[in-house]
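Please read the structure below before turning to the comments.
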Amino acid sequence: MKTNNTLGIIFANSHDALLGKLTKHRSMGSLPYGGRYRLIDFSLSNLSNAGIDKVGVITKANYHSLMTHLGSGKPWDLDRKNGGLSILPPYASPDAQVYKGRIEAIYGILEYLIESTEEYVILCDSDVVANIDIKKVISFHKEKNADITVVYTHGDKPEGQNDMMDFKFDADSRIIGVNFESAKDCDYSLDITVIGRQLLIDTVVSEINTGRVSLSHGIFGNGYHKYKIYGFEHKGYSAVMDSVENYFKSNLELLEEKVRSDVFDRENPIYTKTRDDMPAKYGISALAKNSIIADGCIIEGTVKNSILFKGVKVGKNAAVENCVLMEGAVVGNNSTVKNIIADRFVQITDDRQVDGSNNTMYIEKDSVI
């Protein structure tokens with residue numbers, strides 16, 4: 001099913017501040033994930049798999065690595081003469097300012113929306129890991145003749161975001177109540193929203209004129225009485241990156257076969273920019289168990305229950321357990337590391353003991369310990 005009548009919009013800097021130093025020098029969308037991916041790959045792949053061939057990525061800050069990763073959009077079949085991938089920076093007009101919320105972010109690309117011809121817009125954050133069949137979401141939206149459709153899932157609502165919504169529905173899946181407080185065992189939003197393009201333009205202009213900047217509080221919190229807003233349930237795996245702890249936890253959850261098969265569904269692949277490298281090399285005394293180990297790694301010690309990105313080196317008699325080690329990280333000979341996130345090119349020198357068991361430990365890029 002082609003959905004060329006739908007425009008995709010992705011917010012690349014979704015809730016950056018919640019991940020602290022992990023997003024200090026990069027956008028949420030460009031944050032490495034799962035051994036070879038970036039977080040934005042999930043939203044882009046969901047849209048691409050639905051046949052959406054025009055996608056705008058709204059940036060805010062620290063988006064150099066994001067642009068390098070996205071390039072022309074070829075991995076997602078978005079390198080096109082018409083439509084394709086567009087990077088939408090925060091300073092699109094002379095009077096533009098860095099946006100405070102999604103309403104201001106969309107207002108900053110209003111000209112892009114006005115010049116587009118698609119009937120529908122699907123808004124996605126880049127801090128959600130999930131493989132979602134967008135074709136079904138759009139079909140549901142049309143079947144219900146909805147003004148707005150939001151994708152939700154059931155469970156304990158992540159607590160990091162102050163604008164995360166959970167919903168109450170009637171028997172027809174129409175939203176009849178919205179809550180922004182912490183909640184357990186609820187139906188909470190994954191911040192994937194289908195809305196008519198003209199309705200989005202009109203609503204954003206109206207919200208700006210009233211001084212509101214939050215899409216959630218504005219359109220949903222104040223609008224479910226006015227608009228026909230429906231919920232589409234995603235029943236598969238999902239994870240929201242609202243803290244360093246949840247980022248760490250969701251990476252390690254990929255080591256579970258059920259989670260991997262759900263996220264990396266062969267019928268709806270997750271695409272990413274690929275860089276060819278040699279296969280991982282294992283020394284004579286190496287041991288690797290229940291881990292994801294990317295190309296270019298050199299393993300001479302022991303690796304258990306960990307995610308290793310491209311080019312990681314684990315020295316002789318070294319032990320790595322319950323860790324996320326990003327590209328180029330090095331664990332020296334006779335060193336032991338447990339329960340840590342090591343950013344790119346971190347070096348753990350020989351004979352070190354680094355343990356983040358009491359609290360998830362993050363080691364900044366290029367650090368030497």
Side-chain angles (χ1 to χ4, degrees), residues 10-44 56-71 73 75 85 87-92 96-102 104-105 108 124-129 160-161 239-252 272-275 294 296 306-313 323-331 337 339-349 354 356 359-369:
I10 300 174
F11 299 93
N13 291 82
S14 311
H15 306 103
D16 283 356
L18 297 179
L19 294 191
K21 292 181 179 179
L22 266 171
T23 48
K24 180 179 179 181
H25 299 295
R26 58 167 70 96
S27 65
M28 179 72 77
S30 62
L31 183 61
Y33 185 86
R36 62 174 299 198
Y37 300 92
R38 304 292 183 108
L39 286 181
I40 199 169
D41 293 340
F42 295 91
S43 295
L44 277 173
V57 178
I58 300 179
T59 60
K60 184 176 184 180
N62 299 324
Y63 51 90
H64 174 74
S65 63
L66 179 70
M67 293 178 67
T68 300
H69 176 69
L70 295 178
L85 181 68
I87 306 296
L88 306 172
Y91 303 107
Q97 299 180 2
V98 177
Y99 59 83
K100 299 182 184 70
R102 290 189 189 89
E104 287 186 345
C124 307
D125 278 3
S126 56
D127 58 355
V128 175
V129 172
Q161 299 178 19
V240 178
M241 306 298 114
D242 67 332
S243 67
V244 174
E245 290 74 19
N246 274 349
Y247 169 79
F248 181 69
K249 175 176 176 286
S250 65
N251 265 278
L252 295 188
T272 190
K273 178 182 178 180
T274 57
R275 292 181 294 173
S306 296
I307 308 287
L308 274 57
F309 286 76
K310 177 181 175 180
V312 170
K313 297 180 180 179
C323 291
V324 176
L325 306 183
M326 295 187 194
E327 180 183 357
V330 175
V331 179
V337 293
N339 301 292
I340 70 165
I341 303 168
D343 213 318
R344 300 177 69 207
F345 308 117
V346 164
Q347 293 187 51
I348 310 293
T349 55
V354 184
N359 191 24
T360 305
M361 180 183 295
Y362 167 69
I363 304 174
E364 288 193 63
K365 178 183 175 183
D366 295 320
S367 297
V368 178
I369 296 178

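Values in this document were obtained by computation on a predicted structure and should not be read as measured data. Note: hydrogens, waters and symmetry copies are ignored here, and every other heavy atom, side chains too, is used.
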Heavy-atom side-chain proximity of V346 to M326 below 4.5 angstrom: no
K273 side chain reached by T68 side chain, heavy atoms, under 4.5 Å: yes
S126 side chain vs A12 backbone, donor-acceptor pair below 3.5 Å: yes
Gap separating the OH atom of Y362 from the CG atom of L19, nearest 0.5 angstrom: 10.0 Å
Ring pair (Phe, Tyr, Trp, His ring centres under 6.0 Å) involving H69 - partner list, sequence neighbours excluded: W76
NZ/K313: more than 12 non-hydrogen atoms of other groups inside 6.0 Å: no
Any side-chain heavy-atom pair of V240 and H15 under 4.5 Å: no
Heavy-atom side-chain proximity of K365 to H25 below 4.5 angstrom: no
Spacing of CD1 belonging to I363 relative to CD1 belonging to I369, to within rounding of 0.5 Å: 3.5 Å
Flag side-chain contact, heavy atom, 4.5 Å: R102 against D125: yes
Parallel, tilted or perpendicular: rings of Y33 and F42 (30°, 60°): perpendicular
Pair R26 + D343, salt bridge at N-O below 4.0 Å: yes
Polar side-chain atom of S27 near backbone of Y63 as donor-acceptor pair, under 3.5 Å: no
Min side-chain heavy-atom separation N251-I341 under 4.5 Å: no
R344/E327 ion pair, N-O < 4.0 Å: yes
Side-chain (N62) to main-chain (K24) donor-acceptor, under 3.5 angstrom: yes
Min side-chain heavy-atom separation M241-V129 under 4.5 Å: yes
Option passing side chain to side chain contact (heavy atoms under 4.5 Å, CB included) with C323 (candidates I340, N339, V354, L308): I340
Shortest non-hydrogen contact between M28 and D127, atoms and distance: CG-CB, 3.7 Å
